[in-house]
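Report on the following structure.
Computed from a predicted model, the values in this text were never measured in an experiment. Heavy atoms only: backbone and side chains are in, while hydrogens, waters and symmetry mates are out.
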Amino acid sequence: MKLKFTLLLLFFFGMFLSYSQKKNKPINNTPKEIFISDLISKMTLEEKLGQLNLPTSVDITTGQVNSSNVAKNIEQGKVGGLFNIKSIQKIKEVQKIAVEKSRLKIPLLFGMDVIHGYETTFPIPLALSCTWDMNLIKRSAQIAAQEASADGINWTFSPMVDISRDPRWGRVSEGSGEDPYLGSQIAKAMVTGYQGDDLSKNNTILSCVKHFALYGAPEGGREYNTVDMSKIKMYNDYFPPYKAAVEAGAGSVMASFNEVDGIPASANKWLMTDVLRKQWGFKGFVVTDYTAIMEMEYHGIGDLQTVSALALKAGIEMDMVSEGFLYTLQKSLKEGKVTIEEIDNAVKLILNAKYDLGLFQDPFKYCDLNRAKTEIFTQSNRAEARKIASESMVLLKNKNQLLPLKKSGKFALIGPLADAKENMAGTWSVATKQENSISVLAGLIEAVGNSAKILYAKGSNLDYDAALEERATMFGKTLHRDKRTKEELLDEALTIANQSDIIIAALGESAELSGECSSRTNLEIPQAQKYLLQALLKTGKPVVLVLFNGRPLILNQENETVPAILDVWFAGSEAGLAIADVLFGNENPSGKLTTTFPRSIGQVPIYYSAKNTGRPLGNKEGVFEKFKSNYIDERNEPLFPFGYGLSYTTFEYSNFKVSSTKMLASETLKVTVDITNTGNFDGKEVVQLYIRDLVGTVTRPIKELKGFQKIALKKGKKETVTFEISVEDLKFYNSDLEFVAEPGEFEIFIGKDSNVSTSTKIELVK
């Protein structure tokens with residue numbers, strides 16, 4: 001009996017020993033895991049917290065790196081990365097401190113706001129989205145990654161995938177519009193463009209998806225303001241682009257400034273852990289936005305120590321600028337407010353990113369001077385930027401086919417944006433050398449050569465208010481305000497207008513009149529320019545409005561009075577040449593709006609995929625009906641709908657068919673339509689497919705974009721366009737936040753924009 005008991009004891013001891021060994025064994029013994037685990041085991045607590053610290057590099061200049069405060073912190077292991085430091089020389093100097101002078105020689109991340117290009121600058125993101133061309137959008141990110149990586153950058157704070165339906169918010173310019181489906185496709189294209197298929201290559205960089213989450217829906221359209229919405233709206237309308245970016249392999253995510261369900265995003269564990277990591281499987285690291293941790297004190301949820309601990313526990317790994325992690329987490333650890341496991345996990349995720357980028361193998365892999373000399377702002381990159389810019393422009397009006405223009409006679413180019421190269425790149429163009437950008441004036445002169453004459457006058461300042469103009473032309477984006485009176489400016493403009501055959505009016509917003517912290521309550525073209533435009537129209541000469549803007553504007557008066565309107569947004573460093581390409585017909589405009597243009601500020605927020613009400617307006621003429629859902633002083637519909645955009649040619653849709661009117665969840669339906677180019681120019685058309693779920697357990701939108709194709713057609717030619725609809729296209733989040741497709745009737749629409757009415761019905765059957 002004793003022997004049996006002893007043997008049994010030995011058996012259980014062996015089982016315990018085996019279990020204990022397994023428990024302590026690394027879960028994943030890949031070379032990466034072994035390397036990172038070993039490195040973490042050697043780190044002091046201060047060095048661990050240093051990896052979570054992301055200061056700015058404002059005090060660093062070439063040749064003075066070693067004496068800077070940031071340099072001293074790097075040497076002491078208190079810095080995990082730096083951002084907005086530009087040039088290979090500076091970056092190499094700083095990286096040498098990290099890998100030669102710090103105890104553990106851990107390399108730094110170098111981040112920058114590479115938002116829509118590096119020195120070769122592409123159209124602002126809102127304009128890029130209007131191409132509806134995922135290959136072009138992906139290519140713009142590839143070129144941006146190539147140039148940024150050639151100059152030492154290995155991490156970009158892009159793409160911004162926030163859905164926004166309120167053009168008062170200035171950062172509409174930095175996103176991809178109002179639609180979750182289109183926004184998701186663009187998010188995937190941008191992430192894959194930046195990161196490629198291998199982050200260890202020296203021409204790819206880590207992407208950072210922002211701003212998680214809901215940043216584009218602040219109350220009143222006011223920057224950094226409160227966001228409040230239901231979870232069902234989050235999941236159906238605002239979350240999809242973030243999720244798509246994560247699924248595309250984004251290496252990092254940036255937390256947003258706003259609160260979500262009453263808790264600031266940087267301290268929101270439900271958002272950062274439950275949704276991002278558990279539901280979506282995100283494996284990268286999360287960084288805050290600029291000073292977001294310390295800003296939570298103003299939100300009113302605690303002092304710096306408290307909010308820093310909350311941020312770490314929520315799932316934040318890197319603290320941008322606040323230094324709350326660096327200087328308070330040690331105390332919080334002693335007090336039991338955070339755990340060493342939470343700190344180690346955060347450190348691991350930062351080190352994983354550095355490992356994936358190949359920085360441990362070669363800390364200077366992004367510091368090749370030959371690349372910096374030969375791969376930035378090249379002629380080939382600029383040529384691609386010019387082409388992409390031309391595809392982003394949206395033709396809003398073209399009465400009597402005024403456009404394209406012939407290269408003959410005299411043109412009067414008038415307006416404060418006509419000779420304003422510093423503004424062509426638009427907002428968030430921090431790496432752009434603005435002096436290299438091409439103005440409209442320079443572009444037109446080059447385009448016409450000796451075939452026509454370009455006369456120029458400024459005509460007006462941006463606005464009568466000099467203080468407003470100063471706020472709207474920050475960061476070196478001056479419009480060189482003219483001190484002459486408005487009468488003197490106008491007289492000069494009218495003089496050359498009367499000498500010309502056609503007037504080209506370059507008007508609208510300046511580069512920084514939209515963008516971060518450029519919220520507006522008035523969405524019209526500034527009054528000084530409206531006055532100028534009306535005076536030009538009174539000359540009786542044909543007027544083409546070349547519209548600069550970073551958001552939807554209210555253009556009722558312009559649409560009624562101006563014969564041709566070309567929305568050029570902010571087209572990047574090659575703007576002037578691309579604008580000339582479109583004006584003179586070398587390129588046929590093919591851009592389509594990704595945001596709705598309202599008629600009145602009171603319609604905002606306005607978007608195509610709204611829900612019906614119990615009392616919808618019955619007529620389509622905008623006639624007021626009492627006790628219906630409408631305005632007493634305005635029509636319901638927008639001036640220009642989502643998906644809208646004209647061409648110099650015309651397209652006819654015909655022979656719209658579905659392969660079956662009934663569909664099982666296991667089946668795929670084919671939807672076909674014939675598109676014929678019936679005009680006089682070769683052109684491109686964005687064919688758009690929308691679906692409406694007619695009956696649901698929760699109310700469903702009037703229409704939702706579920707497919708699109710951009711096709712090129714020679715004049716007179718026809719093409720059959722085919723879409724496939726699967727059950728995934730019919731799914732939505734119900735009131736239990738389950739992603740479901742409910743059996744019943746669906747309406748399928750195909751057309752040129754979201755205002756399409758041609759449809760057919762199908763039924764999803766059990």
Side-chain angles (χ1 to χ4, degrees), residues 128-137 177 179 181-182 185-186 189 387-388 390-399 401 403-404 566-567 581-582 585-594 596 608-609 640-661 663 668-692 702-726 729 746-762:
L128 273 175
S129 72
C130 292
T131 67
W132 294 63
D133 190 318
M134 299 307 107
N135 290 327
L136 289 185
I137 291 171
D179 184 70
Y181 178 83
L182 178 60
Q185 307 311 307
I186 293 172
K387 173 66 176 172
I388 292 171
S390 70
E391 297 229 9
S392 72
M393 296 173 192
V394 182
L395 184 61
L396 297 177
K397 186 179 179 183
N398 194 21
K399 185 178 180 181
Q401 290 289 297
L403 295 176
L566 179 67
D567 194 332
D581 287 339
V582 175
N586 296 340
E587 297 286 347
N588 190 345
S590 60
K592 300 270 190 173
L593 297 179
T594 57
T596 301
Y608 85 92
S609 57
F640 299 117
F642 174 88
Y644 174 86
L646 303 176
S647 169
Y648 293 154
T649 194
T650 53
F651 297 98
E652 181 181 280
Y653 287 60
S654 62
N655 204 22
F656 174 24
K657 295 178 181 176
V658 292
S659 57
S660 174
T661 56
M663 173 183 170
T668 299
L669 289 187
K670 285 190 176 180
V671 182
T672 58
V673 65
D674 291 341
I675 313 294
T676 306
N677 184 339
T678 55
N680 298 318
F681 297 86
D682 299 342
K684 294 181 179 179
E685 172 70 341
V686 180
V687 185
Q688 301 162 44
L689 181 143
Y690 297 86
I691 295 178
R692 181 178 185 183
I702 294 170
K703 284 190 189 86
E704 292 179 288
L705 181 73
K706 291 295 180 179
F708 59 89
Q709 292 184 41
K710 190 169 188 176
I711 62 169
L713 273 182
K714 300 286 186 183
K715 61 180 179 180
K717 295 297 182 180
K718 179 172 73 174
E719 181 176 328
T720 300
V721 175
T722 302
F723 294 94
E724 290 189 348
I725 298 175
S726 73
D729 298 308
F746 295 81
E747 198 167 4
I748 314 296
F749 303 81
I750 288 185
K752 300 176 180 181
D753 57 51
S754 60
N755 201 32
V756 60
S757 57
T758 304
S759 67
T760 189
K761 290 181 181 177
I762 64 166

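- Across all their heavy atoms, E724 and T668 have their closest contact at CB-CG2, 3.7 Å.
- Using a 30° and 60° split on the angle between ring planes, Y608 and Y690 fall in the perpendicular class, above 60°.
- Taking every heavy atom of both residues into account, T594 and S129 meet most closely at OG1-OG, 2.7 Å.
- Atom CZ in F723 sits 4.5 Å away from atom CD in Q709 (nearest 0.5 Å).
- Between F656 and I748, the shortest heavy-atom contact is CZ-O, 3.6 Å.
- Salt-bridge formation is not detected for the pair K714/E719: no Lys NZ or Arg NE/NH1/NH2 atom is positioned less than 4.0 Å from an Asp or Glu carboxylate oxygen.
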Next item on the list: Would you check, one step at a time, whether the test side-chain hydrogen bond (donor to acceptor under 3.5 Å, both in side chains) holds for S759 with E747?
Entry: CA-CA 6 Å; S759 67; E747 198 167 4; 2.7 Å; yes
Next item on the list: Let me see the working for W132 and F642 under ring pair (Phe, Tyr, Trp, His ring centres under 6.0 Å), right down to the final yes or no.
Entry: CA-CA 12 Å; W132 294 63; F642 174 88; 5.6 Å; yes
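- Taken from CG in L669 to CG in D729, the straight-line distance is 10.0 Å, to the nearest 0.5 Å.
- For the atom pair Y648 OH and E587 CD, the distance stands at 10.5 Å (nearest 0.5 Å).
- In terms of heavy-atom proximity, S754 sits nearest to K703 at O-NZ, 3.2 Å.
- Annotation for L136 and D133: closest pair N-OD1, 3.1 Å, computed over non-hydrogen atoms.
- For the pair I675 and Y653, the minimum side-chain heavy-atom distance is below 4.5 Å.
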Next item on the list: May I have the step-by-step check of side chain to side chain contact (heavy atoms under 4.5 Å, CB included) for F746 and M663, ending in yes or no?
Entry: CA-CA 10 Å; F746 295 81; M663 173 183 170; over 6 Å; no
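- The SG atom of C130 lies 5.5 Å from the CG atom of L593; values are rounded to the nearest 0.5 Å.
- Side-chain atoms of N677 and T649 form a donor-acceptor pair, as typed in the model, at a separation below 3.5 Å.
- Taken from NZ in K592 to OH in Y644, the straight-line distance is 9.0 Å, to the nearest 0.5 Å.
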Notebook entry, point to check: Under the side chain to side chain contact (heavy atoms under 4.5 Å, CB included) criterion, do Q688 and L705 qualify, and how do the steps go?
Noted result: CA-CA 7 Å; Q688 301 162 44; L705 181 73; 4.2 Å; yes
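- One distance of note links OG1 of T650 with CD of E685; it measures 10.0 Å at 0.5 Å rounding.
- Inter-residue side-chain proximity for V756 and I750 is flagged as unmet; no heavy-atom pair is nearer than 4.5 Å.
- Of the options L395, L566, L396, a side-chain contact (heavy atoms from CB on, under 4.5 Å) to L646 is made by L395 and by none of the others.
- Residues that satisfy the side chain to side chain contact (heavy atoms under 4.5 Å, CB included) test with N755, not counting sequence neighbours, are P641, D753.
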Margin query: Pair E704, I691 - check side chain to side chain contact (heavy atoms under 4.5 Å, CB included), show working.
Written below: CA-CA 5 Å; E704 292 179 288; I691 295 178; 5.6 Å; no
Next item on the list: For side chain to side chain contact (heavy atoms under 4.5 Å, CB included), just list the numbers for L182 and M134, CA-CA rounded to whole Å, side-chain angles, deciding distance to a tenth of an Å, and then say yes or no.
Entry: CA-CA 10 Å; L182 178 60; M134 299 307 107; 4.1 Å; yes
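- In terms of heavy atoms, I137 sits closest to L128 at CD1-O, 3.5 Å.
- In the displayed structure, N586 atom CG is contacted under 6.0 Å by more than 12 heavy atoms of other residues, nucleotides or ligands.
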